[in-house]
Chemist: 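Submitted below is the structure of interest, expressed as structure tokens.
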Amino acid sequence: MSEYVIGLDGGGTKTKVLVADRKKKILESFLGGAINYNGSEKELIDKNMQTIFQTVLKKGYASKDCVGICIGTAGISNPLVRQYIMSNLELFGYSCPVSIVGDHETALAGALLQVEGMILIAGTGSICYGKDEKGNSYRTGGYGHLIDDAGSGYAIGRDILSAVIRAHDKRCEATVLTKLVFEYLNILTIEELIRYVYDPGHSKKDIARLSILIEKAYRLEDRAAIAIVEHCVSELMELTKPILKVMKEDCSIAVSGSILLKNQDIFDKLCAGMKKDYPLVTITKPMKDAAFGAVILATSSIC
């Protein structure tokens with residue numbers, strides 16, 4: 001068997017695994033379970049990790065032929081996470097270079113097909129990350145929904161709910177968002193809405209899912225929706241500014257996450273705002289995904 005690398009993109013519910021040769025040609029692609037140790041019990045994540053590498057071996061890729069592994073996932077700032085991941089790799093005899101990085105790093109590499117540049121991610125949460133030609137890295141945001149995640153799906157969902165409550169109390173004018181939220185949740189009253197929001201069984205992802213309603217309300221020229229969209233774009237632009245101060249003036253910014261890839265209004269307004277403030281900056285959508293970005297980083301570690 002020829003030499004190969006492994007790239008993993010570990011999400012909250014699944015992990016995309018790519019096996020590639022030294023030239024980044026994809027040899028195998030499959031899905032595994034979640035590998036975010038901050039999101040589930042250690043025993044479950046250990047099992048998912050081990051299943052992934054058992055699958056690689058079963059497909060005929062011997063550990064001795066692996067020349068590089070890159071694992072991109074959330075929560076790697078916790079030293080124990082790195083220890084857990086390396087312990088699982090050692091079970092299968094891997095002795096090649098291993099990179100364990102944040103999923104924003106693999107997303108950047110996949111989006112621009114290079115390790116330098118910037119990426120602005122707005123999905124359930126939000127983060128901006130950049131790396132310059134000297135290898136210096138910079139980050140803004142990504143600190144979680146309780147204290148951050150500006151411009152994210154969660155932030156939009158929360159702002160939608162706030163607009164509905166304020167309209168109900170007549171603290172502001174009526175909004176079409178009330179009808180859209182009630183229909184989406186199949187409820188009839190504010191009391192039901194409050195129960196839904198504070199139900200322990202509902203998570204930040206449930207609030208973030210409400211963000212899909214903003215597009216229709218915005219295109220109906222609802223004033224509350226317009227304010228939410230404008231606030232979202234402003235917050236996302238703010239995430240980029242500290243990094244742009246230290247990056248090249250003509251750098252590329254890739255955008256990722258459902259808010260920027262699926263909501264054309266927010267994407268267009270962001271592009272217009274960035275063009276006005278930073279005319280030399282290029283905004284682009286991803287060329288490849290984070291799993292391919294992990295392959296790029298895995299191959300870059302090969303001597």
Side-chain angles (χ1 to χ4, degrees), residues 12-13 39 120-128 140-242 255-278 283:
T13 58
L120 175 63
I121 304 173
T124 299
S126 63
I127 187 171
C128 189
T140 54
Y143 300 108
H145 70 291
L146 292 180
I147 58 174
D148 194 23
D149 283 348
S152 68
Y154 176 85
I156 292 173
R158 180 195 59 213
D159 288 350
I160 287 173
L161 292 172
S162 177
V164 170
I165 292 298
R166 291 173 64 84
H168 172 265
D169 286 353
K170 295 183 172 54
R171 284 182 275 165
C172 64
E173 64 186 53
T175 170
V176 71
L177 288 166
T178 301
K179 180 176 183 292
L180 294 176
V181 169
F182 280 25
E183 289 177 347
Y184 183 83
L185 298 179
N186 193 28
I187 60 175
L188 298 173
T189 67
I190 287 292
E191 288 73 23
E192 290 177 282
L193 178 61
I194 300 305
R195 282 199 296 272
Y196 177 87
V197 170
Y198 292 103
D199 185 331
H202 293 147
S203 69
K204 64 179 181 181
K205 291 183 179 180
D206 294 299
I207 303 302
R209 289 189 186 102
L210 295 172
S211 64
I212 66 170
L213 304 176
I214 201 67
E215 183 175 22
K216 183 174 182 179
Y218 179 81
R219 294 189 176 185
L220 289 172
E221 299 184 352
D222 179 83
R223 290 179 64 177
I226 291 171
I228 291 170
V229 167
E230 290 178 347
H231 181 63
C232 169
V233 172
S234 174
E235 293 279 30
L236 293 175
M237 288 184 63
E238 286 296 321
L239 282 175
T240 70
K241 290 180 179 179
V255 297
S256 187
S258 58
I259 299 304
L260 289 167
L261 296 181
K262 295 183 179 180
N263 190 307
Q264 193 64 40
D265 300 311
I266 291 176
F267 176 76
D268 289 344
K269 287 181 74 68
L270 176 73
C271 290
M274 294 299 293
K275 184 69 174 177
K276 178 181 177 182
D277 291 355
Y278 303 95
I283 306 293

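Note that these values count all heavy atoms, side chains included, but never hydrogens, waters or copies made by symmetry.
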Chemist: Can any side-chain N or O of N263 pair as donor or acceptor with the backbone N or O of I266 at less than 3.5 Å?
Modeler: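 Yes, the answer is positive, given that a donor and an acceptor are paired below the 3.5 Å cut-off.
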
Chemist: For I121, is there any backbone N or O sitting under 3.5 Å from a side-chain donor or acceptor partner on S256?
Modeler: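 Pair absent, no side-chain N/O of S256 close to backbone of I121.
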
Chemist: Working to the nearest 0.5 angstrom, can you tell me the gap between I226 CD1 and I214 CD1?
Modeler: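 The CD1 atom of I214 is 9.5 Å from CD1 of I226, to the nearest 0.5 Å.
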
Chemist: Just so I know, are the side chains of L236 and L260 near enough to count as touching, which here means a heavy-atom distance under 4.5 Å?
Modeler: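 Yes, at least one pair of side-chain atoms sits under 4.5 Å.
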
Chemist: Measuring only between side-chain heavy atoms, which start at C-beta, is Y218 closer than 4.5 Å to L177?
Modeler: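 A side-chain contact is absent here, since even the closest heavy-atom pair is not under 4.5 Å.
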
Chemist: Does any non-hydrogen side-chain atom of Y184 lie less than 4.5 Å from one of R209?
Modeler: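 Side-chain contact under 4.5 Å: yes.
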
Chemist: Which residue, V233, L261, V255, I259, forms the side chain to side chain contact (heavy atoms under 4.5 Å, CB included) with F267?
Modeler: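 Single pass found, and it is V255.
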
Chemist: Could you measure the distance from the OG atom of S126 to the CG atom of L120? Nearest 0.5 Å is fine.
Modeler: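 CG of L120 is found 8.0 Å from OG of S126.
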
Chemist: Please find the pair of heavy atoms, one from E173 and one from A167, that lie closest to each other, and give the distance.
Modeler: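 Shortest heavy-atom separation between E173 and A167 comes out as O-CB, 3.6 Å.
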
Chemist: Restricting to non-hydrogen atoms, name the atom on A122 and the atom on G151 that form the minimum distance, rounded to 0.1 Å.
Modeler: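 So the minimum-distance heavy-atom pair works out to CB-O, 3.8 Å.
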
Chemist: Tell me every residue that passes side-chain hydrogen bond (donor to acceptor under 3.5 Å, both in side chains) with K205, counting only those two or more places apart in sequence or in another chain.
Modeler: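 For K205 there are no side-chain hydrogen bond (donor to acceptor under 3.5 Å, both in side chains) partners, ignoring immediate neighbours.
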
Chemist: Only counting residues at least two apart or in another chain, list the ones meeting side-chain hydrogen bond (donor to acceptor under 3.5 Å, both in side chains) with D222.
Modeler: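 Testing D222 for side-chain hydrogen bond (donor to acceptor under 3.5 Å, both in side chains), a comparison that skips the adjacent residues, returns T175.
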
Chemist: Would E191 and R195 pass as an ion pair if we require N to O under 4.0 Å?
Modeler: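 Looking at E191 and R195, the cut-off is not met.
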
Chemist: Would you tabulate the side-chain donor-acceptor contacts of residues 157-166 under 3.5 Å, counting partners in other chains and residues two or more places apart, or write 'none'?
Modeler:
none

Chemist: Hey, what do you get for OG (S234) to CE (M237), rounding to the nearest 0.5 Å?
Modeler: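 Going from OG on S234 over to CE on M237, the span is 7.5 Å.
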
Chemist: Taking atom CD1 of I212 and atom CG of L180, what is their separation to the nearest 0.5 Å?
Modeler: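 Nearest 0.5 Å value for the CD1-CG distance: 10.0 Å.
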
Chemist: Identify which one of I207, D148, L210, L146 satisfies the side chain to side chain contact (heavy atoms under 4.5 Å, CB included) criterion when paired with Y154.
Modeler: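 The passing option is I207.
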
Chemist: What are the two closest non-hydrogen atoms of A208 and S211, and how far apart are they?
Modeler: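 Here A208 and S211 meet closest at O-OG, 2.7 Å.
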
Chemist: Going by side-chain hydrogen bond (donor to acceptor under 3.5 Å, both in side chains), name the residues that satisfy it together with D169, two or more places apart in sequence or in a different chain.
Modeler: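 Here the qualifying residues are R171.
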
Chemist: To the nearest 0.5 Å, tell me how far K269 NZ sits from E230 CD.
Modeler: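 Reported to 0.5 Å precision, the distance equals 5.0 Å.
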
Chemist: When rounded to the nearest 0.5 angstrom, what is the spacing between CD in E215 and CG in L220?
Modeler: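 CG of L220 is found 10.5 Å from CD of E215.
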
Chemist: If the condition is ring-ring contact (aromatic ring centres under 6.0 Å, His included), which residues does H168 pass it with, not counting sequence neighbours?
Modeler: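 H168 satisfies ring-ring contact (aromatic ring centres under 6.0 Å, His included) with no residue once adjacent residues are dropped.
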
Chemist: List for me each residue that meets side chain to side chain contact (heavy atoms under 4.5 Å, CB included) alongside Y196, sequence neighbours excluded, and say none if there are none.
Modeler: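 Applying side chain to side chain contact (heavy atoms under 4.5 Å, CB included) to Y196 gives L185, H202, D206.
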
